Amino acid sequence: DEQRGFVLRQLSKVLLTLSISDPAQAQGILHVGTAILLRAPLEWASASVFGLEREMNPILEHDDGSADCPCFGFEVLHLATCLVRKAIARIHHPIKRPNLEMKLSETILTIVQVLQGSQGGQTDFEALGSQVENIVLELRQDTENQAKLLAYHGKLSSVGKYIEACKIQAKLAEVENDVREREELAAPLAHRFGQRMTRLLGIAEALLVVSRSDLNEDFQLALLPEDLLRPCLARADMIPEGLGGIYWGQLRALTVRCIALHATLNKEV
C-alpha cells in the first residue's frame with residue numbers, strides 16, 4: 001500500500017503539470033482522479049495530525065482551471081481532487097468560476113454517495129453505523145452491569161456473606177462472557193465502519209480545501225454537514241477509542257476540521 005500510494009501521488013503530480021489539449025484527454029484525467037478517490041490507499045500527509053497545527057496556504061490557481069494543491073490530511077486525495085477540478089475545467093471550457101465550483105462539488109459528492117452505498121431509504125454506511133452504535137450501547141450496558149456486580153461482590157465478601165458472593169460471582173462470569181462476545185462482534189464491524197468513514201471524511205476534507213464555492217449558490221455542498229459530517233461526528237464521539245483498531249478521536253478531529261472548512265465557504269458569515 002505504501003508503494004502504491006507513492007506511485008499514485010507521483011502520477012497525480014505529473015498529470016497536474018500537463019497541459020490538456022482536448023476534452024478526450026480531460027475525460028481520461030477525470031477517470032484517473034475518480035479512481036484514486038475511490039481506491040487509493042490512505043496515508044497521513046504530515047506528522048501533525050490532519051495538518052491542524054499548520055497554516056492554511058491558499059491554492060495557487062492557473063488560467064486552465066488547474067491548481068497547486070496544498071497537502072493536508074490525505075495528500076493523495078487532495079491531489080486527486082485537484083485532478084478532477086482540472087479535468088472539469090477543460091471538459092466544460094469555457095466555464096464560469098461559480099459553475100466550475102458547482103460541477104466539482106457535484107462530481108465529488110457523487111463519489112461520496114457511491115461510497116456510502118444504498119439500502120432502501122438508508123445508505124449502507126448509515127446501516128453499518130447503526131449496527132456499530134447498537135452493539136456499543138449494549139457493550140456499555142454490560143460493562144456497567146459488570147462494574148456493579150463486581151462492587152456488590154466485594155461488599156458481600158467484606159461482610160462474610162460468602163454464599164451470596166458466590167452467586168454474584170456466577171452472574172459476574174456470565175456478564176464477562178457477554179462482554180467478550182460483544183467485543184468480538186463489535187471489532188470487525190467497527191473496523192469496516194471506521195475505514196469507510198476515514199475515506200469519506202478524507203474526500204470531503206479534500207473537496208472543502210480545494211473548493212471556492214459559495215454555499216448560497218452550491219446547494220449540494222451546503223447540505224454536506226447534514227448528510228455526512230454531523231452523523232460522523234456523533235458516531236465518532238460515542239464509539240470507544242481503539243475499537244476495531246480505529247482512532248476515533250482522530251476521526252472526530254477530521255470531522256470538526258471539515259465542519260470548520262465548510263463554514264468558511266459561507267460568504268455571509
Side-chain angles (χ1 to χ4, degrees), residues 9 12 16 33-34 36-38 40 42-61 65-86 88-89 97-116 125 194 196-237 247-269:
R9 288 195 304 273
S12 299
L16 282 170
T34 300
I36 291 173
L37 289 169
L38 286 168
L42 301 182
E43 306 168 12
W44 301 132
S46 66
S48 60
V49 178
F50 311 119
L52 293 176
E53 296 83 2
R54 297 168 60 182
E55 181 180 356
M56 176 69 76
N57 295 321
I59 294 177
L60 302 178
E61 299 176 354
S66 64
D68 297 327
C69 184
C71 298
F72 302 99
F74 299 105
E75 181 182 10
V76 69
L77 299 183
H78 284 248
L79 293 168
T81 303
C82 288
L83 276 179
V84 171
R85 190 180 193 280
K86 181 185 180 86
I88 290 172
R97 176 58 59 80
N99 293 333
L100 171 60
E101 302 302 341
M102 285 189 281
K103 283 286 185 183
L104 175 64
S105 297
E106 179 184 353
T107 302
I108 300 299
L109 292 177
T110 298
I111 294 171
V112 167
Q113 291 170 2
V114 169
L115 287 170
Q116 286 179 305
F125 179 66
R196 187 92 67 92
M197 185 188 291
T198 299
R199 185 171 297 275
L200 286 167
L201 290 174
I203 292 173
E205 190 255 2
L207 171 61
L208 291 167
V209 167
V210 172
S211 176
R212 291 297 178 266
S213 268
D214 182 345
L215 295 182
N216 296 306
E217 300 175 353
D218 194 339
F219 301 114
Q220 193 170 2
L221 186 58
L223 294 175
L224 185 62
E226 179 182 340
D227 293 342
L228 178 68
L229 301 181
R230 293 194 186 102
C232 284
L233 183 61
R235 293 267 160 73
D237 271 339
Y247 295 102
W248 297 99
Q250 290 186 347
L251 286 181
R252 185 188 189 284
L254 181 55
T255 309
V256 170
R257 171 171 166 78
C258 287
I259 292 171
L261 287 169
H262 187 270
T264 66
L265 297 178
N266 189 343
K267 301 300 189 284
E268 293 184 352
V269 175

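Hydrogens, waters and symmetry mates play no part in the numbers below; they use all other heavy atoms, side chains included. A quick note: this is a predicted structure, and the numbers were derived from the prediction, not measured.
Scanning all heavy atoms of the two residues, the minimum distance from E205 to L254 falls at CG-CD1, 3.9 Å. Nearest heavy-atom pair, A204 versus L229, reported as atom, atom and distance to 0.1 Å: CB-CD2, 4.5 Å. Annotation for G33 and A80: closest pair O-CB, 3.7 Å, computed over non-hydrogen atoms. Minimum interatomic distance between V112 and L200 (heavy atoms only, all atoms of both residues): O-CD2, 3.6 Å. Between I203 and L37 the shortest heavy-atom distance is CD1-O, 3.5 Å. Summarising the geometry of L208 relative to C258, their closest heavy-atom pair is CD1-O, 3.3 Å, with the distance given to 0.1 Å.
Between atom OG of residue S213 and atom CZ of residue F219 there is a gap of 11.0 Å, rounded to the nearest 0.5 Å. If you take CZ on R199 and CG on L42, they are separated by 4.0 Å, rounding to the nearest 0.5 Å. Here CG of L83 is found 9.5 Å from OG1 of T34. Values are rounded to the nearest 0.5 Å. If you take CG on L201 and CG on L251, they are separated by 6.0 Å, rounding to the nearest 0.5 Å. Here the straight-line distance linking atom CG of D214 with atom CZ of R97 works out to 13.0 Å at 0.5 Å rounding.
Checked by atom type and distance alone, the side chain of Q116 never pairs as donor or acceptor with a backbone atom of F125 at under 3.5 Å. Under the 3.5 Å distance criterion, the side-chain polar atoms of T264 are matched with a main-chain donor or acceptor of L261. A donor-acceptor distance shorter than 3.5 angstrom exists from the side chain of R196 to the backbone of L115, with no hydrogens or angles considered. The backbone N or O of L221 lies less than 3.5 Å from a partner atom in the side chain of H262, making a donor-acceptor pair.
Residues satisfying the side chain to side chain contact (heavy atoms under 4.5 Å, CB included) test with L233, not counting sequence neighbours, are D237, R252, T255, V256, I259. Evaluation of the side chain to side chain contact (heavy atoms under 4.5 Å, CB included) rule for Y247 yields E241, Q250 as partners, not counting sequence neighbours.
Considering L109, L215, L265 as possible partners of L224, the one that fulfils the side chain to side chain contact (heavy atoms under 4.5 Å, CB included) test is L109. With L104 as the fixed residue, the side chain to side chain contact (heavy atoms under 4.5 Å, CB included) test singles out one of T107, I108, L100: I108.
Applying the salt bridge (Lys or Arg N to Asp or Glu O under 4.0 Å) definition to pairs two or more places apart or across chains, those involving residues 216-235 are E133-R235.
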*How far apart are the C-alpha atoms of I88 and R85, what are their side-chain angles, what is the distance that settles it, and do they pass the side-chain contact (heavy atoms from CB on, under 4.5 Å) test?*
CA-CA 5 Å; I88 290 172; R85 190 180 193 280; 5.9 Å; no
